[in-house]
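Report on the following structure.
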Protein chains: 2
Amino acid sequence: MSNRILKLVRSEELRRSKSDRLIANYIERNMVELPYETARSIATHLRISPMTVGRYLRRLGFDGLDDLKNELRRGHSNPAWQVKGQVDRLQQDIRDGKLIAGLIQEQVDNLGQIYELTTSPEWQQAIDLLVSASEVYVAAYQNVRGIAQYFASQLSYTRPRVQFVDGLNGTYAEVLDGSVEGRVLFLHDVRRFAAKAQPLALEARRAGVKVILLTDEFCLWPKEASDVALIVPGSHGPLWDGAATMTAVMDLLLSNIIVLLGDQVNERVELLTRLQDTFGDFEA
Amino acid sequence: MSNRILKLVRSEELRRSKSDRLIANYIERNMVELPYETARSIATHLRISPMTVGRYLRRLGFDGLDDLKNELRRGHSNPAWQVKGQVDRLQQDIRDGKLIAGLIQEQVDNLGQIYELTTSPEWQQAIDLLVSASEVYVAAYQNVRGIAQYFASQLSYTRPRVQFVDGLNGTYAEVLDGSVEGRVLFLHDVRRFAAKAQPLALEARRAGVKVILLTDEFCLWPKEASDVALIVPGSHGPLWDGAATMTAVMDLLLSNIIVLLGDQVNERVELLTRLQDTFGDFEA
DNA sequence: GCACAAGCGTTATATTAATAACATTTCTGG
DNA sequence: CCAGAAATGTTATTAATATAACGCTTGTGC
């Protein structure tokens, strides 16, 4: 069982030194990619020497990384839990008018409409702003708040100075105090619009902050309150909230930014990943 | 994507000679173990020469087995942006406008796979648990945390006693204290798995809490740590790490629950809406 | 603050993998 | 059966990985 490896790696006795913890943590969190790694590649990630990795593995009781891989291989021998997809049956069932299939169809249609959005000038403007901004603030309320947080979290992998703002203190001073040029506010608001959203957007513009608004077709104030409005046509029936569509739009934005920034992103990701590896060992 | 490898290996043009077919078959049937193999090990298995394997791979368009492994790896845990050469190609494609359309197509394919998931027994079990539970706790970490919060927020529209847990105090007492029967923990964890997730799941089960685990196909411990495992395949598509797919799954879960509960949900939604109006965070 | 020990990095070396160049076998059409 | 071609195997070379041996750094007990 690969579980034995996890147990070993987690055992306190074998986490004595700093690099012990680094390596243990790295192994634990990158179990899936381990087969592709070498002692050297792990060492490089963690900015330590391959030798240290080898020594650690030996203390775990393995004769080198290959030996560990062998055990991994046996443990991984039968992944019975893979769900095999067959779109054909999906299409058949949609014709039969089954409920879930219908919902998925709706989702698929929505995703098609996203494509239109990505070809619009607003899309480009949004990308440009997100890339060139000195600071990016992300805001959203109520039920889509979590999704916007996800966006902020992912965006911060691509560029520095990204922050989610919740305005808990009621002032939004961090966004509105005008202390930094070139700020951008990314505001996500849908359906039952939050009362706070429009005022925030207006104030932001007044303070010289560019506003990108990600919303749906029912927003009544996209132009007044934003510099760039991304309006996602979605189905807002009683059953379907369309958050998946919004997430898809965000993923596309991120992909686009990644492509634009290219190697810069790679560097930043490696930096953040190393930080994760470094700080990860305190919580395990 | 690893899908591309399968397509290549199956294409008739590249199955001309006897060893072509041998190797193609071997790769196709041993996809999972491929990361552990070398050109030599494959050759030995098939009683042919390593050279032949190398040549075949080159004709497939790979620069040796390591190159193929790299692509496999990306199919596994793909931050598509980790590979520098690929970024350049992406930049080219996006100028041509091919990329976005292709990405969306891929995403659509993923949604097809979701459908497969909804027909599985695990899906029904998950729905049953979420409906019949006395209390539902939702947990997730790092970048998917926000998404899980969204799920918790939406789920609380369909049924009472839903809570997001962040374990900030380090005990998770609210979930684990055994004070209430029939609790359910909905745990969402993907990609770079959080160190805290598995221990939480194990503890929860020990405390008599049923665990629903929403994860991707690379989770190494779905069975030990959950009563019901919802494994979403291909969630590591070209659009970042596929949060959109996960959100879609959540939306589907919610839809399904709403359908099951019917009028009960309507009542609850009306109640919550009235509360919202009272406290005034929403517009119109 | 000193001496000793444990941990870590560096260099050199053995082992292994992949491939180019050449030799041999197998296949194909007549 | 016999060329010529295609496919495969063999050998030698190159690149890369892992580790042993040694030396430096950091930590620890007195």
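The analysis underlying the following values was restricted to heavy atoms, covering all of them including side chains, and did not include hydrogens, waters or symmetry mates. Proteins get letters first, then strands, A, B, ... in listed order; numbering begins at 1 in each.
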Review point. Nearest to the side chain of S49(B), which nucleotide is it out of dT10(D), dG9(C), dA18(C)?
Key: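 Nearest nucleotide to the side chain: dT10(D).
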**Study point:** Side chain of T38(A) - closest among dA18(C), dA18(D), dA17(C)
**Key:**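 Selected nucleotide: dA18(D).
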**Study point:** Presence of T52(B) side-chain N/O under 4.0 Å of dG9(D) phosphate oxygens OP1/OP2
**Key:**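 Yes, within the criterion.
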Exercise for review: Check whether any side-chain N or O of R58(B) sits under 4.0 Å from OP1 or OP2 of dA20(C), and answer yes or no.
Suggested key: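 The answer is yes; a side-chain N or O of R58(B) sits under 4.0 Å from OP1 or OP2.
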Check your understanding: Is the F186(A)-F151(A) ring centre distance short of 6.0 angstrom?
Key ->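 Ring centres of F151(A) and F186(A) closer than 6.0 Å.
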Starting from [atom2] on [N], measure out to [atom1] on [X] and report it in whole angstrom.
X: D66(B); N: dA15(D); atom1: CG; atom2: C1'; result: 11 Å
X: Y56(A); N: dA18(D); atom1: OH; atom2: P; result: 17 Å
X: L57(A); N: dG7(C); atom1: CG; atom2: C1'; result: 16 Å
X: I42(B); N: dA18(C); atom1: CD1; atom2: C1'; result: 12 Å
X: E37(B); N: dA18(C); atom1: CD; atom2: P; result: 11 Å
X: L65(B); N: dA16(D); atom1: CG; atom2: P; result: 16 Å
X: R47(B); N: dA7(D); atom1: CZ; atom2: P; result: 24 Å
X: I23(A); N: dA18(D); atom1: CD1; atom2: P; result: 13 Å

Review point. 5'-most contact on DNA chain D: I48(B) or G64(A), nearest heavy atom basis?
Key: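 Nearest-nucleotide comparison on DNA chain D picks I48(B).
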Taking N or O atoms only and anything under 3.5 Å, show me the protein contacts with nucleotides 21-24 of chain D, one pair per line.
none

Review point. Quick one: are I212(B) and S226(B) in side-chain contact, heavy atoms under 4.5 Å?
Key: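 Not touching, per the 4.5 Å side-chain cut-off.
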If we ignore hydrogens and angles and just use 3.5 Å, is the side chain of [X] paired with the main-chain N or O of [Y] as donor and acceptor?
X: S153(A); Y: Q149(A); answer: no
X: Y141(B); Y: H188(B); answer: no
X: D227(B); Y: V211(B); answer: yes
X: R159(A); Y: A133(A); answer: yes
X: R40(A); Y: S49(A); answer: no

